[in-house]
A.B. asks: 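First, the structure itself, so that you have it in front of you.
Remember, predicted model here, so these are calculated numbers, not experimental data. In the text below, chain A, chain B and the rest are named by the order of the sequence lines, each starting its count at 1.
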Amino acid sequence: MTDKILEGGKIDARQTLYLLVTMIYATLILFIPQNTVAHAKQDAWLSFLVAFTGGVIISLVVINLSLRFPGQTLFEYLPLILGRFPGKIIGFFYVWLFIHFCALVDREYCSHIVAVFMPETPGEVFLIHGTIMAAYIAYCGLEVLARLNQLFLPLNAGLLTTLFVLVTPEMKVINILPVFDTSLLSLAKSTITPLSWFGEIVALAVIIPYLAEQKNIYHLTIKALFFVLILIELATIGVLLVFSPTLTSSYFFPVLSGTKMINIANFVERLEIIPIVIWVTSGTVKAALFFWAAALGSAQLLGLKDYRPLLLPLAVIVTALGYLLHPSIIDLLNFLTQAFPFYALTFEFIIPFLLLIIVLIKGPGKK
Amino acid sequence: MFDFFKSKKTQEAARLESPGVKEQAWRNQKLKANLKENLTTLHFILADCYDVVFREFDFAQLPDIRLALIYVDGLADKIQVSNFVMRSLSLEVPPALPKEYKITKAQAFDFIRDRGLCIHQIEETDSLARLIDAIMSGDTVLLVDGHARAIINGARGWEARSIEDSKTEAVVRGPRESFVETMRTNTSLLRRRIKNPALKIEVRPIGKITRTDVAVIYIKGVVYPGLVTEVKERLSRIEIDAVLESGYLEELIDDNPLSPFCTINHTDRVDKVAAMLLEGRAAILTDGTPYVLTVPTLFNEIIQSPEDYYQRYFFYSLIRLIRLAALIIFLTAPAIYVALLTFHQEMLPTALLLSIAGQREAVPFPALVEVLLMDITFEILREAGIRMPQPVGQAVSIVGAIVIGEASVRAGLVAPATVIVVALTGIASFTLCYPGTLSLRLIKFPLTIIAAFTGLFGLICSLIILITHLTSLRSFGIPFLYPVMPLSPAQLKDVVVRAPWWALLTRPHLLGKENPRRMKAGLKPKPPEKNN
């Protein structure tokens, strides 16, 4: 890897597709948002469909913006659009966003493991584990990250499908009837959280310059979002069919609770390790991706030659943030469902959209 | 007896100042026209080399020309040297020659070279360094008085081990030959399998003192582009005293010197090396060892064996899967066992848990200590099995079986379940390609220890870090985990399973870029079309 371009790796179309899928579904599969089910009831699967549409729009804005500055990441073209100083300020906001995302992912699976599997172990243990893994993967670079995900994603998708199949004996169709029994307002309310998570596709603005070929990127992104949708629907519909909507919204981790229901011939049971594997692997990739984006962003904004020295301090920040941000899992879930969508969508949609408008008017970048 | 030919004076001179390995000035010298002077120089350089023979005699055609033969006793083929060099030069007139044919002193050298020697391979040189290298490699050198040149006769022949079965990679079906220590034999073994001028064998000496021949072998037009240049470039960087085994080279040309994983595989199987070459790889042959390095190396070679390609593909696909399972068991079984017993008892079915708990009731140690104890015992026995003198082998294996199997359980040191896990781990490793298992054997210990302290979660984390590390490795530019990461689904048919030959149309994509197809499509046998 040469010093000048910071990150020398290139990822091919398939790797990009897989990376984008993991980037989004990792969190969504952990918590099927409580408020989605609470508001949309048995039509929760519908809100993901709506959120998917929103995600497509966000990705179109982000890709369109990025393609106007070929070979440059978000952090490099922000100063070109807004001017040197304001551009860097917004750039640092994005670095913060990525750090925050990373801390949230870490915190999510740390809380999950503490709450469900090892209640007596201090959560910091898992936070530190998670951050070390993310930092090490980020150290190895985007290429390794993408390749790693090529092993994990098919594995996880397969495991998830297996869980779905194994839990079918417990399903009752009555649980999602009647369909379309939701008012538009509650549908909108239920969509906002998944939408903000679909919006994490904004990280594409950092990845695009490292794609080996960029001509199919629209196609690729929409395909990725669609795969996410399939995985999420698989989990959501599975859970809704097994539990009723009321029961589902009362679980912190519905997929895990669904897994606990599996018992085939008193032999295939206690498969809780499978959700752990799914979450730890996909969560690690996701955290590592944001970690990498944050490190790369800071290096580019500060004009450094290498982002790797920043990984250690960032790891400390991420661990501390993950630990300090939320006193409990209830608080975390409240934040994720109530405050997070507005905070995240600002960065995921509003700022890129405004940037795109500025570019269209002022016209830096190539058409 | 050889001292008889040396004059007292030269012997004394030599004893005083014969050059060592540090003084290499003579390597730039040329031969002189005067035989006496040349011999003095050679005596000087070769002083105290008891095995070097100097033989002076007169040329039958022109008795005033003195000839000298110099060779290393034991390396040169004495019968060839006596019969076809000395005899023809000192006794016989070439029969096809007219009686009255006379040669002058100036023609002598060319005459000897073109008509006088019955040796299949000769070479002419005027460089002293080349001459000495030739003598040291077993060639016989002929000096002719009055000519500043020498003829190198390739009449080598020394005691060597005969070609035997492969000791490290046995197969039920497939060629049995394996490489030996002599490079010439090894190249001939390869050439016999690949009868094509595109099989290139480029030799260079490495090692300032040992001057070991190292050959880079590849098939031109198949080898991965740029690979040969890269291999030669890395080999030419090496400046070392000695290369006694290919392991010396392996560590000096490795891409990942700080990784526990070795990204250069070695084998002594001829068919395996031939198959590697045909996939677009290059091989590095080292004189003096049967182990040939093959580059680039992929991780999946650990679950492949040459036999997979000779036996029926259905069963050997199953065997591949079993090896994959063995790989996972080998790496993680002790760790998972420790983690389950230490943290996750609830994950075991109740009956099994009760049974294991019953066994472990009398055991005084925690699961980790128990497993480590057995693991280390097993490693000791395994090491002893390799190192011990053959006659005592049986004693050790009996003691080993009793120690591992019976006594430790009876004494209440370990639970029978632990013995099963450790034994399974040990056996599982033998299904895999040996060189690859070494690093995994090392990694197994930290994994077990981590699992004992952090449970399955820590184990998963360590495995992720391990896989990340593997993903970041490259072997001569090819990702180590290819074709799994980066994923190339079409190539998986020769990784987790072994597709039938009529479906293995292409070489591994990244390696075989230069010449992707290896066979015609549509070769799947089918019944003949009916005419009536």
Side-chain angles (χ1 to χ4, degrees), chain A residues 9-15 17-18 109-110 112-114 116-118 120-121 125-126 128-155 212 266-273 276-285 287-288, chain B residues 255-256 258-259 298-300 324 328 332 335-336 339-340 342-353 450-451 453-474 477-492 495-496 509-510:
Chain A
K10 285 277 177 200
I11 56 177
D12 65 22
R14 193 198 304 272
Q15 290 174 332
L17 177 71
Y18 286 14
Y109 69 61
C110 139
H112 162 257
I113 287 170
V114 170
V116 182
F117 293 101
M118 302 191 186
E120 285 165 28
T121 313
V125 173
F126 304 111
I128 292 169
H129 269 91
T131 320
I132 289 177
M133 281 193 290
Y136 180 64
I137 298 174
Y139 179 84
C140 293
L142 181 64
E143 219 171 48
V144 168
L145 175 64
R147 279 195 242 145
L148 200 57
N149 188 41
Q150 277 190 316
L151 176 71
F152 292 157
L153 182 67
L155 184 78
N266 277 330
F267 177 68
V268 184
E269 54 179 346
R270 299 167 202 266
L271 297 176
E272 291 95 314
I273 187 71
I276 291 215
V277 170
I278 297 179
W279 294 325
V280 173
T281 52
S282 56
T284 305
V285 170
Chain B
D255 293 60
N256 313 287
L258 294 181
S259 167
L298 304 180
F299 187 63
N300 66 50
L324 186 63
I328 294 168
T332 57
I336 290 181
L340 285 181
T342 318
F343 293 99
H344 312 277
Q345 295 91 348
E346 79 283 355
M347 286 182 68
L348 292 168
T350 317
L352 179 61
L353 179 64
I450 288 172
F453 288 103
T454 55
L456 282 183
F457 177 79
L459 183 61
I460 294 173
C461 294
S462 346
L463 286 178
I464 290 179
I465 289 188
L466 182 65
I467 295 174
T468 312
H469 174 67
L470 283 172
T471 316
S472 69
L473 298 183
R474 277 172 181 273
I478 307 287
F480 193 43
L481 287 184
Y482 176 83
V484 181
M485 297 180 260
L487 186 61
S488 174
Q491 304 300 326
L492 291 180
V495 176
V496 283
H509 178 64
L510 275 187

A.B. asks: Does any heavy atom of chain B fall under 4.5 Å from the side chain of Thr284(A), the backbone, both, or neither of them?
C.D. replies: side chain

A.B. asks: Report the distance from atom CD1 of Ile128(A) to atom SG of Cys461(B), rounding to the nearest 0.5 Å.
C.D. replies: 11.5 Å

A.B. asks: Starting at CD1 of Ile464(B), measure out to OH of Tyr136(A) and round the result to the nearest 0.5 Å.
C.D. replies: 13.0 Å

A.B. asks: Heavy atoms, side chains only, cut-off 4.5 Å: are Thr121(A) and Phe457(B) in contact?
C.D. replies: no

A.B. asks: Restricting to pairs with a member in residues 457-474 of chain B, which pass salt bridge (charged side-chain N to carboxylate O under 4.0 Å, His left out), not counting sequence neighbours?
C.D. replies: Glu143(A)-Arg474(B)

A.B. asks: Can you name the closest pair of heavy atoms from Pro486(B) and Gln150(A) and give their distance?
C.D. replies: CA-OE1, 2.8 Å

A.B. asks: Mind ranking Asn149(A), Val125(A), Ile113(A), Ile276(A) by heavy-atom pairs under 4.5 Å with chain B and telling me who comes out on top?
C.D. replies: Ile113(A)

A.B. asks: Got a second to check how far Leu153(A)'s CG is from Leu487(B)'s CG, nearest 0.5 Å?
C.D. replies: 10.0 Å

A.B. asks: Please classify the contact between His469(B) and chain A as side chain, backbone, both or neither, with a heavy-atom cut-off of under 4.5 Å.
C.D. replies: both

A.B. asks: What heavy-atom pair brings Ile273(A) and Leu456(B) nearest, and what distance separates the two atoms?
C.D. replies: CD1-CD1, 3.5 Å

A.B. asks: For Phe343(B), what residues pass the side-chain contact (heavy atoms from CB on, under 4.5 Å) criterion, not counting sequence neighbours?
C.D. replies: none

A.B. asks: So which of Gln15(A), Met133(A), Glu272(A) has the largest heavy-atom pair count under 4.5 angstrom toward chain B?
C.D. replies: Met133(A)

A.B. asks: What part of Phe152(A) is in contact with chain B, defined as an atom under 4.5 angstrom from a non-hydrogen atom: side chain, backbone, both or neither?
C.D. replies: side chain

A.B. asks: Give, for atom CZ of Arg147(A) and atom CD1 of Ile467(B), the distance between the pair rounded to the nearest 0.5 Å.
C.D. replies: 13.5 Å

A.B. asks: Rounded at 0.5 Å granularity, tell me how far OG1 in Thr471(B) sits from CG in Leu151(A).
C.D. replies: 7.5 Å

A.B. asks: Need one label for Thr454(B): side chain, backbone, both or neither, based on atoms under 4.5 Å from any heavy atom in chain A.
C.D. replies: both

A.B. asks: Please give me the minimum heavy-atom distance between Thr468(B) and Cys140(A), naming the atom from each residue.
C.D. replies: CG2-SG, 4.1 Å

